[in-house]
Amino acid sequence: MNEAEIRPTLEQIQWADCEIGVIIHLDIVIYQAPYDRRKHFGDPIPASVFDPKKLDTDQWIRSAKALGAKYAVLVAKHGTGFSLWPTKAHEYSVKSSPYKNGQGDIVKEFFESCKKYDVRPGLYCSASFNQYFSVENPGRVIDGNPEKQKEYNEMVLQQLTELWTDYGKIFEIWFDGGVIPVSEGGPDVASLLKKLQPDAVVFQGPVGTKSLVRWAGNERGVASEENSSLYDNRVQGETGDKEKSMDFERAEIWCPAESDFPNRYAHQSYEGGWFWKEGEEHTVLPPEVLFEKYLTTVGRNSNMLVGMVINTDGEVPEPDVTVFAEAGELIRNAFGKPVAVGDTQSVLTDIAPRYVVLKEDISQGERVTGYTVRAYNAHGKEIFTHSGKVISHKRIIKIPTQTRKVTLEITNNRAEPQLLPIELY
């Protein structure tokens with residue numbers, strides 16, 4: 001396919017416009033920390049310890065909105081296999097726990113809170129690792145028994161059917177590590193997805209999925225400087241390999257990047273900062289760091305997906321709540337309203353700017369392959385130059401505050417550029 005003809009779906013456009021999301025981690029491992037799941041295959045933490053007495057999904061989503069998140073992904077089942085909804089597939093779930101005397105359904109509560117606060121709901125349900133079923137990445141039973149593999153595959157499809165049927169429309173579906181294709185012995189997730197949630201944006205999903213999203217390649221909240229939404233599907237595969245360099249001549253699909261990272265310093269924190277552990281409040285990222293990560297994710301044509309930990313009471317810890325609110329305020333103060341808007345070639349300002357924002361109309365594809373931004377002071381002297389290749393949904397570039405004029409020159413393109421007005425912030 002001519003890469004100039006590759007376009008996003010409506011759902012991918014809506015997803016890109018959201019810019020910020022959170023991914024919420026609550027699992028039974030926080031009740032027995034530290035805990036190494038790989039040392040306990042077939043010997044899980046008892047469901048009886050799971051009892052978040054103050055669980056409040058409204059508080060989760062309020063915290064997400066304070067950050068500026070427009071969507072939230074709940075980790076409905078992580079690597080332990082413990083499920084946050086009363087699955088009929090097995091007994092290792094909230095129905096066997098003290099939470100609400102076994103009558104609770106955290107996935108349902110999450111969806112209700114998302115609706116209440118107008119945040120789009122997403123679900124994570126990894127098929128690639130399951131301690132309860134003795135399954136190792138990328139989704140194979142560790143003893144290699146084909147009958148056990150078949151049983152596991154059927155369990156995966158049953159759980160996904162429950163999640164994709166019982167709670168309504170899902171905005172984003174998250175496959176951590178991808179999905180083994182049927183040809184290699186995996187479950188037929190692609191057919192189920194097409195049947196039950198055809199309009200979901202899917203992170204690391206099966207090849208052929210309508211609205212795919214890929215991993216940015218790290219968990220640091222840093223997208224590549226030239227982060228294209230055009231992607232060679234042949235290097236992604238169904239197992240969601242790490243980020244590969246863009247090859248425009250080989251691009252086959254629109255598959256934008258999502259940059260996920262924990263809200264805690266990974267090397268200082270339990271489970272890499274994705275899960276809560278008592279006494280780790282000092283590892284929470286300060287708001288200024290979250291703001292910088294907005295620049296290195298959203299500002300580089302990627303969505304920013306921030307990890308949100310839930311403590312043993314079932315709440316977002318107070319230090320995290322504070323940081324989300326303060327970081328959200330920093331982002332809104334900087335990018336809430338432009339100080340100047342120009343046309344697609346230049347913009348003038350009397351107010352000291354800090355950032356220039358470039359955008360393409362991605363409904364028409366990604367057309368720019370080379371550009372140069374120049375900044376001039378009040379005397380008309382050029383004081384800053386930046387050249388790049390990718391604009392796409394959004395590119396944020398820091399400029400000197402002495403700037404009074406910015407120009408944009410398109411130096412290379414694959415089709416007639418469809419640019420939106422230049423903005424200064």
Side-chain angles (χ1 to χ4, degrees), residues 24-55 57 74-112 123-167 170 173-177 179-180 186-189 192 196 271 274-276 310-314:
I24 303 171
H25 286 75
L26 170 63
D27 190 19
I28 201 166
V29 292
I30 66 174
Y31 292 92
Q32 197 166 307
Y35 181 77
D36 187 342
R37 288 166 295 202
R38 284 181 168 82
K39 291 182 179 178
H40 299 275
F41 279 116
D43 181 27
I45 299 171
S48 58
V49 306
F50 185 86
D51 192 16
K53 295 182 184 300
K54 299 179 182 179
L55 190 139
T57 53
L74 173 64
V75 178
K77 181 210 70 69
H78 203 260
T80 60
F82 184 81
S83 302
L84 299 185
W85 76 103
T87 178
K88 297 180 178 65
H90 55 73
E91 297 304 308
Y92 195 48
S93 77
V94 287
K95 68 184 179 185
S96 299
S97 79
Y99 177 64
K100 293 191 173 180
N101 296 315
Q103 302 302 307
D105 185 340
I106 297 171
V107 174
K108 180 181 179 182
E109 294 177 50
F110 164 76
F111 269 77
E112 289 172 347
L123 285 178
Y124 167 125
C125 186
S126 170
S128 60
F129 185 95
N130 192 309
Q131 179 207 0
Y132 183 69
F133 277 81
S134 298
V135 171
E136 178 62 279
N137 283 329
R140 303 190 190 283
V141 294
I142 57 177
D143 65 4
N145 185 308
E147 288 302 313
K148 288 184 180 179
Q149 185 69 54
K150 181 180 178 182
E151 178 186 350
Y152 176 70
N153 290 351
E154 290 173 352
M155 187 280 301
V156 167
L157 292 176
Q158 181 176 345
Q159 285 208 311
L160 293 180
T161 297
E162 293 172 359
L163 289 173
W164 296 351
T165 302
D166 295 347
Y167 302 100
I170 302 172
I173 291 172
W174 238 74
F175 289 102
D176 191 1
V179 184
I180 300 176
D188 188 5
V189 171
L192 191 68
L196 299 179
E271 292 278 326
W274 293 108
F275 290 94
W276 180 84
I310 306 300
N311 62 24
T312 48
D313 285 334

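Quantities reported herein were computed from a predicted structural model and do not represent experimental measurements. All values below were derived from every heavy atom in this structure, side-chain atoms included, with hydrogens, water molecules and symmetry-related copies excluded.
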Which atom of [X] lies closest to which atom of [Y], heavy atoms considered:
{"X": "Ser93", "Y": "Pro86", "answer": "OG-CA, 3.9 Å"}
{"X": "Ala76", "Y": "Val107", "answer": "CB-CG2, 4.0 Å"}
{"X": "Leu192", "Y": "Leu160", "answer": "CD2-CB, 3.8 Å"}
{"X": "Ile170", "Y": "Phe111", "answer": "CG1-CZ, 4.0 Å"}
{"X": "Leu84", "Y": "Leu26", "answer": "CD1-O, 3.6 Å"}
{"X": "Ile106", "Y": "Leu55", "answer": "CD1-CD1, 3.7 Å"}

Go through the side-chain N and O atoms of [X] and [Y] and say whether any donor and acceptor fall under 3.5 Å apart.
{"X": "Gln149", "Y": "Asn153", "value": "yes"}
{"X": "Thr87", "Y": "Gln159", "value": "yes"}
{"X": "Asp176", "Y": "Ser126", "value": "no"}
{"X": "Tyr35", "Y": "Gln131", "value": "yes"}

Heavy-atom side-chain proximity of [X] to [Y] below 4.5 angstrom:
{"X": "Val49", "Y": "Ile28", "answer": "yes"}
{"X": "Pro187", "Y": "Val156", "answer": "yes"}
{"X": "Glu109", "Y": "Lys100", "answer": "yes"}
{"X": "Tyr99", "Y": "Pro52", "answer": "yes"}
{"X": "Glu112", "Y": "Thr57", "answer": "no"}

To the nearest 0.5 Å, what is the distance between [atom1] on [X] and [atom2] on [Y]?
{"X": "Asn130", "Y": "Cys125", "atom1": "CG", "atom2": "SG", "value": "8.5 Å"}
{"X": "His40", "Y": "Thr80", "atom1": "NE2", "atom2": "OG1", "value": "12.5 Å"}
{"X": "Phe175", "Y": "Tyr124", "atom1": "CZ", "atom2": "OH", "value": "11.0 Å"}
{"X": "Ile30", "Y": "Phe275", "atom1": "CD1", "atom2": "CZ", "value": "8.5 Å"}
{"X": "Leu196", "Y": "Thr165", "atom1": "CG", "atom2": "OG1", "value": "4.5 Å"}
{"X": "Thr312", "Y": "Ile310", "atom1": "OG1", "atom2": "CD1", "value": "11.0 Å"}

Any donor-acceptor pair under 3.5 Å linking the side chain of [X] with the backbone of [Y]?
{"X": "Glu91", "Y": "Ser96", "value": "no"}
{"X": "Asn101", "Y": "Gln103", "value": "no"}
{"X": "Ser97", "Y": "Ser48", "value": "no"}

#### Entry: Electrostatic pair Asp143-Lys148, nearest N-O below 4.0 angstrom
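Yes, Asp143 and Lys148 are salt-bridged.
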### Query
Do the charged groups of Arg37 and Glu136 touch, with an N to O distance under 4.0 Å?
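The answer is no: the pair does not qualify as a salt bridge.
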### Query
Step by step, would you call Val141 with Phe133 a side chain to side chain contact (heavy atoms under 4.5 Å, CB included)?
CA-CA 7 Å; Val141 294; Phe133 277 81; over 6 Å; no
### Task
Decide yes or no on side chain to side chain contact (heavy atoms under 4.5 Å, CB included) for Phe82 and Ile45, but give the supporting numbers first.
CA-CA 9 Å; Phe82 184 81; Ile45 299 171; over 6 Å; no
Where does the angle between the aromatic ring planes of [X] and [Y] fall among parallel (under 30°), tilted (30 to 60°) and perpendicular (over 60°)?
{"X": "Tyr132", "Y": "His90", "result": "tilted"}
{"X": "Tyr31", "Y": "Phe50", "result": "perpendicular"}
{"X": "Phe41", "Y": "Phe129", "result": "tilted"}

### Task
Decide side-chain hydrogen bond (donor to acceptor under 3.5 Å, both in side chains) for Tyr152 and Asn145; before the verdict, give the C-alpha distance in whole Å, the side-chain angles of both, and the deciding distance to 0.1 Å.
CA-CA 11 Å; Tyr152 176 70; Asn145 185 308; over 6 Å; no
### Task
Could you walk me through whether Trp276 and His25 pass side chain to side chain contact (heavy atoms under 4.5 Å, CB included), step by step?
CA-CA 8 Å; Trp276 180 84; His25 286 75; over 6 Å; no
### Message
For a side chain to side chain contact (heavy atoms under 4.5 Å, CB included) check, start with the C-alpha distance between Asn137 and Arg38, then their side-chain angles and the critical distance, and finish with the verdict.
### Response
CA-CA 11 Å; Asn137 283 329; Arg38 284 181 168 82; 3.4 Å; yes
